[in-house]
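Each chain gets a letter, A, B and so on, in the order the sequences are listed, and its residues count up from 1. Treat the numbers as computed from the prediction; the structure is a model and nothing was measured.
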Amino acid sequence: MPELPEVETVVRSLAPHLIGRRIVQAAFTSKFVTPGNRSKLAARLAGRTIVGIQRRGKFILLALDQGTLVVHLGMTGRLLLDGAPAGEHIYGVFALDRGVLRYQDPRQFGRIEWNPRRIARLGPEPLEIGVQEFSKRLRARKARVKPLLLDQSFLAGLGNIYADEALFAAGIHPLAVASRLSAARAARLHQAIRDVLTLAIEHRGSSISDYVDGHGGRGWFQVLHNVYGREGQPCARCGSAIRKITAAGRGTHFCPNCQRR
DNA sequence: CCGAAGACCTGCTGGC
DNA sequence: TGCCAGCAGGTCTTCG
C-alpha cells in the first residue's frame, strides 16, 4: 500500500501529535508484525519519550529518548491517532501520556521493530539524489528499469504505483534495460520521479483501498494516475489503450505508444 | 548480477 | 445468487 508519498503524509500528520509525548504503555498482539519477543519490545518502550519522527524510504523512524522504533506499513498498515476510526485488526497499541496511537494491519505484512538492519541497506532518497549520481547508478545496471526502481537498495521509497507513473512521465518502457538508457533519458527519469513524488505528496498520497493518514484522512492523487489501474483506458497523452503486463512479479501499467521499447 | 517464483497474511472482486 | 480463483500499494528467500 504505502509508498514514499503516503509514508511522508503519515509522518507529517503524526508529528505534531506525537513529538514530546511519553509512551506510558505499549502492547503488541501479532507474531508477524512484531516478530520475536513482543513483551520485551513493549517493556523497552514503556516510559520512553518520543523526540522525533521521520521517514526513510518507506520506513517510519520514531526517535525516542533512548533508541529508535522503526515501523513499516507493509501493504495495509495504518498508524492511527485517537479520533481516527479504527475497528478490526489492531495489532499494536501505544498508550501515551496524552492520547493513544494504534497500529492496524489486516494483512500483517507490516513490521514494528527495534533497530532493524534493513534500514542500513536502503539506497538513496529519490528526492535528494542528484541527477548525475542517479544517472550513474542507473546506467551501471543491466537490470530492467521497472524492477530496478522497485529495488529499495537501488532507490528507497518507490513502489508499484509511482514506478509505473514515473516511467510513463519519462516515456520509458518498463522493461527497458537500464544500462542502455541514454544520459538524456536517465535525466528525464530522474526529473519524472521527482515530479511524480512531489505532486503525490501535495495530494496527500494515493488512496485506492486502504491507505489513510494518521487522522483517517484519504489522499487523492489516485485521480491523477495516468497509467496505474487504468488498463484498457485511453492514454491521456495519445489516446492509445493503456496496457498491463507483469514485471518483477507485479502488475505493470504503461502506454505502448508513449513508452516504446 | 539478474529474474522468476513462491512465501508470508487477509479481504475483496470478477467471472462463471 | 453464490462460490472461488486471482489479485492487491511490500519484501524476503530460494533457485536457475
Trainee: Without decimals, in angstroms, what is the distance between A:R141 CZ and B:dC2 P?
Mentor: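 For the pair A:R141 CZ and B:dC2 P, the rounded distance is 4 Å.
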Trainee: Rounded to the nearest Å, what distance is computed from the CG atom of residue A:L122 to the C1' atom of nucleotide C:dG10?
Mentor: 13 Å
Trainee: Among C:dG9, B:dC2, B:dT10, which nucleotide sits nearest the side chain of A:K142?
Mentor: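 Side chain of A:K142 sits closest to B:dC2.
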Trainee: Any stacking of A:F109 on B:dC8, going by centres under 5.5 angstrom and planes within less than 30 degrees?
Mentor: yes
Trainee: So among A:L175, A:N160, A:I172, which one has a side-chain contact (heavy atoms from CB on, under 4.5 Å) with A:K146?
Mentor: A:N160
Trainee: Look at atom CD of A:E202 and say whether more than 12 heavy atoms of other residues, nucleotides or ligands are closer to it than 6.0 Å.
Mentor: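 Correct, the count exceeds 12.
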Trainee: Mind calculating the distance between CG (A:D210) and C1' (C:dA8) to the nearest angstrom?
Mentor: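 Those two atoms, CG and C1', are 9 Å apart.
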Trainee: Over 60° means perpendicular and under 30° means parallel, so tell me whether A:H89 and A:Y91 are parallel, tilted or perpendicular.
Mentor: tilted
Trainee: Tell me the interatomic distance from A:R107, atom CZ, to C:dG6, atom P, rounded to whole angstroms.
Mentor: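 Interatomic distance, CZ of A:R107 to P of C:dG6: 16 Å.
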Trainee: For A:R121 and for A:G251, locate the closest nucleotide of DNA chain C by heavy-atom distance; then report the residue assigned to the nucleotide nearer the 5' terminus.
Mentor: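 Result of the comparison: A:G251.
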Trainee: Whole angstroms only, please: what is the CZ-P distance between A:R118 and C:dT13?
Mentor: 10 Å
Trainee: Whole angstrom is fine here: how far is it from CZ in A:R78 over to P in C:dA8?
Mentor: 19 Å
Trainee: What distance, rounded to whole Å, do you find between the two P atoms, one in B:dA4 and one in C:dA8?
Mentor: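 The answer is 16 Å between these two P atoms.
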Trainee: How would you label the contact of A:G249 with the nucleic acid (heavy atoms, under 4.0 Å): base, sugar-phosphate, or nothing?
Mentor: nothing
Trainee: Following the transitive rule for hydrophobic clusters with a side-chain heavy-atom cut-off under 4.5 Å over Ile, Leu, Val, Met, Phe, Trp and Tyr, establish whether A:L127 and A:L148 coincide in one cluster.
Mentor: yes
Trainee: Check whether any side-chain N or O of A:Q152 sits under 4.0 Å from OP1 or OP2 of C:dG10, and answer yes or no.
Mentor: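 For A:Q152, the contact criterion (side-chain N or O under 4.0 Å from OP1 or OP2 of C:dG10) is not met.
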Trainee: Hey, does A:Y228 reach any base, or is it just sugar-phosphate, or nothing, if we go heavy atoms under 4.0 Å?
Mentor: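 Sugar-phosphate only.
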Trainee: Please report the distance separating the P of B:dG14 from the corresponding atom of C:dG9, rounded so that it comes out in whole Å.
Mentor: 15 Å
Trainee: Quickly work out the A:K244 NZ to B:dG14 P distance and round it to whole Å.
Mentor: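 Roughly 12 Å, once rounded to whole Å.
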Trainee: Please confirm whether the shortest side-chain N or O distance from A:H72 to OP1 or OP2 of C:dT11 is below 4.0 Å.
Mentor: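 The answer is yes; a side-chain N or O of A:H72 sits under 4.0 Å from OP1 or OP2.
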Trainee: With a 4.0 Å limit, can you tell me whether A:H89 has a side-chain N or O closer than that to the phosphate oxygens OP1/OP2 of B:dG11?
Mentor: yes
Trainee: Is any side-chain nitrogen or oxygen of A:K31 closer than 4.0 Å to OP1 or OP2 of B:dC8?
Mentor: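 For A:K31, the contact criterion (side-chain N or O under 4.0 Å from OP1 or OP2 of B:dC8) is not met.
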Trainee: Tell me whether A:Y211 and C:dG9 count as stacked here, given that the ring centres must be under 5.5 Å apart and the planes must differ by less than 30 degrees.
Mentor: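 So A:Y211 does not count as stacking on the base.
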Trainee: Report the distance from atom NZ of A:K146 to atom C1' of C:dG10, rounded to the nearest whole Å.
Mentor: 12 Å
Trainee: Can you tell me the pairing partner of C:dG9 across any strand shown, Watson-Crick or G-U wobble, with both distances under 3.5 angstrom?
Mentor: none
Trainee: Find the distance between CG (A:L138) and CZ (A:F154) and round it off to the nearest 0.5 Å.
Mentor: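 Between atom CG of A:L138 and atom CZ of A:F154 there are 4.5 Å.
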Trainee: Under 3.5 Å, side chain of A:D213 to main-chain N/O of A:T9, donor-acceptor pair present?
Mentor: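 Checking the backbone N and O of A:T9 against the side chain of A:D213, no donor-acceptor pair under 3.5 Å is found.
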